[in-house]
Amino acid sequence: MRLGQQLSLSLLTLMVAPAAIAKPQEAQKTEQTSAADTVDERIEVLGYRWFPETLTLSGRYDLSRDFLDFRSQGNGNITDMLTFLPGIQFSENALNADRQQEIRSQLISISGAEPWQTGFYFDGLANNSRIDPDAAYRSPSSVNDVQGHPQNLFINSELVQQVTVFDSNIPAAYGGFSGGVVDVESRSLSQLKQPQVKLRYRRSLSSWNQYNYYDFRGALSNEQLEQEAQYNDDVELPNFAKQTLGVSIALPINSAHALYASFNQTTSTIGEVSLFQPIETERESLSTLLKYSYTPNDLDLFDELSLSASYSPYEGEYVLTDVKDSRYTQDGGGYQLTANLTKQWQHWRGDLQLGYSESENSRRAPNFYRPWFRAPGKDWGTFVGKKALSIEGGYGNLDKIQEDRSARFDLTRDSFEALGMTHQIATGVSANWLDIERTRPTTSVVYNSPFRDANIQCNGQTIDCIEQSYVIPLEQLAQQLGGEIDLSNPAHLEAYQDNLSQRGQFFRYRRVYPIENINVQMQEYAAFIDDHMQWQDWDVRVGLRADYNDFLGNIDIAPRLQVGYQPFSGTRLIAGLNRYYAASLVTYKLREARRPYLTQFRPLTQGIVGNWQTSAQAERFRYSFNDVSTPYNDELSLALKQRLWGGVLSIVNNG
């Protein structure tokens with residue numbers, strides 16, 4: 001086990017706004033100035049301070065573009081930059097030494113909720129992976145599934161104009177979560193005045209770090225300790241090299257048209273040890289954005305049209321440790337296309353958003369997993385527990401693909417007076433059509449229970465059975481040993497073992513994962529209305545949200561109520577009572593349709609290996625869902641917010 005801290009080198013060049021400006025100003029000498037007088041120099045330093053929390057009714061944090069430039073850290077993904085916010089936690093192993101080499105977006109928990117219970121939005125559309133909500137905790141080497149992530153796309157901070165994080169009293173405009181919300185807006189082009197180019201390069205090496213090693217190998221045998229010692233002689237772990245390369249171009253074409261393009265690539269080369277040999281694996285993540293904005297001079301039809309395309313794939317290369325020919329790749333991420341149209345009608349503003357996205361969790365791996373006994377002919381292996389095994393292969397190809405088609409329309413009214421109060425009303429409707437596919441293109445087989453026998457006949461089964469063979473025939477060896485082989489004689493036993501070129505063995509049991517081609521669909525619809533009312537020192541926001549999907553068939557009504565009182569300037573007392581419904585777990589529908597694996601065995605009769613026979617024993621469990629209620633979370637929130645020393649002091653209790 002190793003613990004350490006990571007050091008990275010970051011270079012940022014071209015078109016970067018300075019955080020401080022020095023302005024020297026010399027005092028002018030007059031004719032009366034004596035020679036003893038000195039020249040005064042006045043230096044004025046201008047700096048920025050960012051405090052993302054506000055005194056609003058919601059537990060809300062706004063991270064601006066300037067803040068993101070100042071905060072840039074980690075692998076550049078947006079979630080890597082949120083750890084300083086109160087109520088947000090990373091996973092328990094986020095700071096482990098072996099995690100520093102990874103480039104996947106960090107898992108975050110808001111207000112103690114699971115990472116997949118967070119609602120992720122990108123340009124107003126959901127960025128949540130629905131393939132499997134808890135797949136991020138799954139091992140990359142899972143037999144019958146693929147590791148996933150709560151987010152469809154990993155979003156690099158360079159693509160972003162603003163991030164808004166909610167941890168309590170969340171408005172009715174947001175749904176499909178039971179923890180918090182991370183709302184990401186891509187780069188705004190409305191303020192572009194001149195062309196800009198940014199180049200970025202960051203690098204981090206394990207050799208720049210210092211690690212402490214704790215040895216917990218006291219229970220290992222002498223032979224196992226000797227094998228473990230070979231690891232330390234070959235390579236010092238962790239061993240990695242990470243780098244990020246990025247380029248962004250902002251181009252205002254004229255007063256009506258603007259274009260923005262950003263390309264960001266993060267790679268990690270990881271040194272590992274498998275079967276006593278140093279090897280290298282790689283990870284690669286792209287985060288790209290192409291955005292076009294059109295603001296017509298004639299505003300009769302619409303005020304602004306923006307089109308964007310984001311492509312953010314991830315590919316990780318892995319090996320099963322101490323398994324021969326086990327190298328496999330895992331793919332994630334995908335792309336999103338978005339169109340946004342805005343229009344102001346007198347006192348109303350309308351926003352229409354259309355979106356399409358596709359993402360995947362896929363694996364490419366060898367189709368057969370075979371744990372042979374370590375023996376002549378299969379002598380590369382090591383210990384697995386107390387058994388010396390020579391394992392080879394992998395768990396086969398598996399593809400899981402999510403496809404989303406979304407539409408959303410929001411209306412927001414300017415503030416108006418009614419019933420002695422100031423009102424600001426927002427309402428909207430949305431629809432989402434979701435397709436998820438699970439495909440296993442070829443049959444995968446996992447073998448177990450190897451059995452050794454010097455006299456077995458494989459009966460033509462060469463993939464999972466080996467007949468014993470010798471360097472020279474036993475008759476010839478017997479002649480060399482005096483006419484017969486006496487295995488009770490140590491010299492004869494050693495000669496016999498040296499003469500073995502391949503030890504006879506075969507597998508008695510296996511699990512067969514058949515070809516699959518599963519497709520499930522779900523339709524989701526939602527509507528909300530929200531009224532923010534102000535009267536003297538009081539604020540009240542009343543909201544209502546309704547969600548429906550055709551999988552669970554439930555109409556979920558989620559009330560949102562928040563009340564705020566300002567007894568003094570800069571002080572606000574807030575209470576809230578809210579219900580949040582989680583996104584429907586369409587992965588349940590996928591699990592229902594998943595084909596079970598087959599358990600097979602084969603006999604050994606008079607030294608002849610029989611054919612495989614299917615056991616009547618099926619998979620231990622199957623999934624079935626009927627009359628399932630949508631998971632939800634009821635929140636009672638009490639908060640005190642106080643402006644203090646240029647910032648905001650918050651005391652919040654969420655129940």
Side-chain angles (χ1 to χ4, degrees), residues 6 50 52-53 58-64 67-68 70-96 98-123 125-138 140 147-160 162-170 174-186 264 266 283 285 287 312 314 316 332-333 359 361 580 582-583 585 631 633 635 637 650 652 654:
Q6 182 177 5
W50 293 278
E53 187 172 7
S58 297
R60 171 174 175 163
Y61 306 91
D62 296 313
L63 312 182
S64 66
F67 180 90
L68 295 175
F70 172 76
R71 178 71 183 172
S72 182
Q73 67 176 39
N75 296 317
N77 298 313
I78 280 299
T79 53
D80 297 355
M81 304 183 182
L82 305 181
T83 51
F84 75 100
L85 294 176
I88 293 186
Q89 296 175 300
F90 277 179
S91 61
E92 294 291 337
N93 64 349
L95 300 180
N96 285 3
D98 60 353
R99 299 299 302 169
Q100 297 179 21
Q101 61 200 17
E102 297 294 342
I103 61 176
R104 286 160 54 92
S105 187
Q106 290 278 13
L107 299 176
I108 61 170
S109 168
I110 300 181
S111 299
E114 293 291 335
W116 57 269
Q117 293 175 325
T118 300
F120 294 98
Y121 288 82
F122 184 39
D123 278 347
L125 300 177
N127 187 35
N128 283 79
S129 175
R130 309 284 288 280
I131 295 176
D132 192 341
D134 202 24
Y137 289 117
R138 184 171 293 119
Q147 186 185 60
H149 197 277
Q151 299 179 67
N152 275 342
L153 310 179
F154 299 160
I155 303 171
N156 189 278
S157 62
E158 286 300 324
L159 279 56
V160 176
Q162 178 172 306
V163 181
T164 303
V165 179
F166 295 93
D167 65 3
S168 61
N169 289 332
I170 303 172
Y174 297 96
F177 67 94
S178 55
V181 167
V182 178
D183 189 2
V184 179
E185 298 177 23
S186 64
N264 304 272
T266 301
R283 317 279 195 269
S285 177
S287 186
S312 299
Y314 167 85
S359 62
N361 293 337
Y580 309 126
L585 301 181
N633 176 31
E635 174 190 75
S637 177
S650 296
V652 182
N654 292 331

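Fair warning: this is a prediction, and the values are worked out from it, not measured in the lab.
For the pair N361/D132, no side-chain contact is recorded, criterion being any heavy-atom separation below 4.5 Å from C-beta on. Within the 4.5 Å cutoff, the side chain of N127 has no heavy atoms near those of the V184 side chain.
The shortest heavy-atom contact between M81 and G76 is CE-O, 3.8 Å. What you find for F122 and S186 is that their closest heavy atoms are CE1-CB, 4.0 Å. Nearest heavy-atom pair, Y121 versus D183, reported as atom, atom and distance to 0.1 Å: CB-OD1, 3.5 Å. The two atoms that bring Q117 and F177 nearest to each other are O-CB, 3.4 Å, heavy atoms only. Of all heavy-atom pairs between N156 and S287, the closest is N-OG, 3.0 Å. Closest approach of L107 to A136, counting heavy atoms only: CD2-CB, 3.7 Å.
With V163 as the partner, the side chain to side chain contact (heavy atoms under 4.5 Å, CB included) test is satisfied by one option alone out of I155, V182, T79: V182. The ring-ring contact (aromatic ring centres under 6.0 Å, His included) test with F166 singles out one residue from F120, Y61, Y174, and that residue is Y174. Each of N77, L159, N75 was evaluated against N264; a single residue qualifies, L159, per the side chain to side chain contact (heavy atoms under 4.5 Å, CB included) test.
The CD atom of Q101 sits 6.5 Å away from the CZ atom of R283 when rounded to the nearest 0.5 Å. In this structure, CD1 in I110 is found 11.0 Å from CD in Q89, a value given to the nearest 0.5 Å. Summarising the geometry, atom CG belonging to D80 is positioned 11.0 Å from atom CD1 belonging to I103; distances are rounded to the nearest 0.5 Å. Interatomic distance, OG of S109 versus CD of E114, reported as 7.0 Å (0.5 Å rounding). Interatomic distance, I170 CD1 to S111 OG, rounded to the nearest 0.5 Å: 7.5 Å.
S359 places no side-chain N or O within 3.5 Å of a backbone atom of N152 that could act as its donor or acceptor partner. Counting only distance, with no hydrogens or angles, the side chain of D62 and the backbone of Q162 share no donor-acceptor pair below 3.5 Å. A side-chain donor-acceptor contact under 3.5 Å links S58 to the backbone of N169.
Checked against a 6.0 Å centroid threshold, the rings of Y314 and H149 do not count as neighbours.
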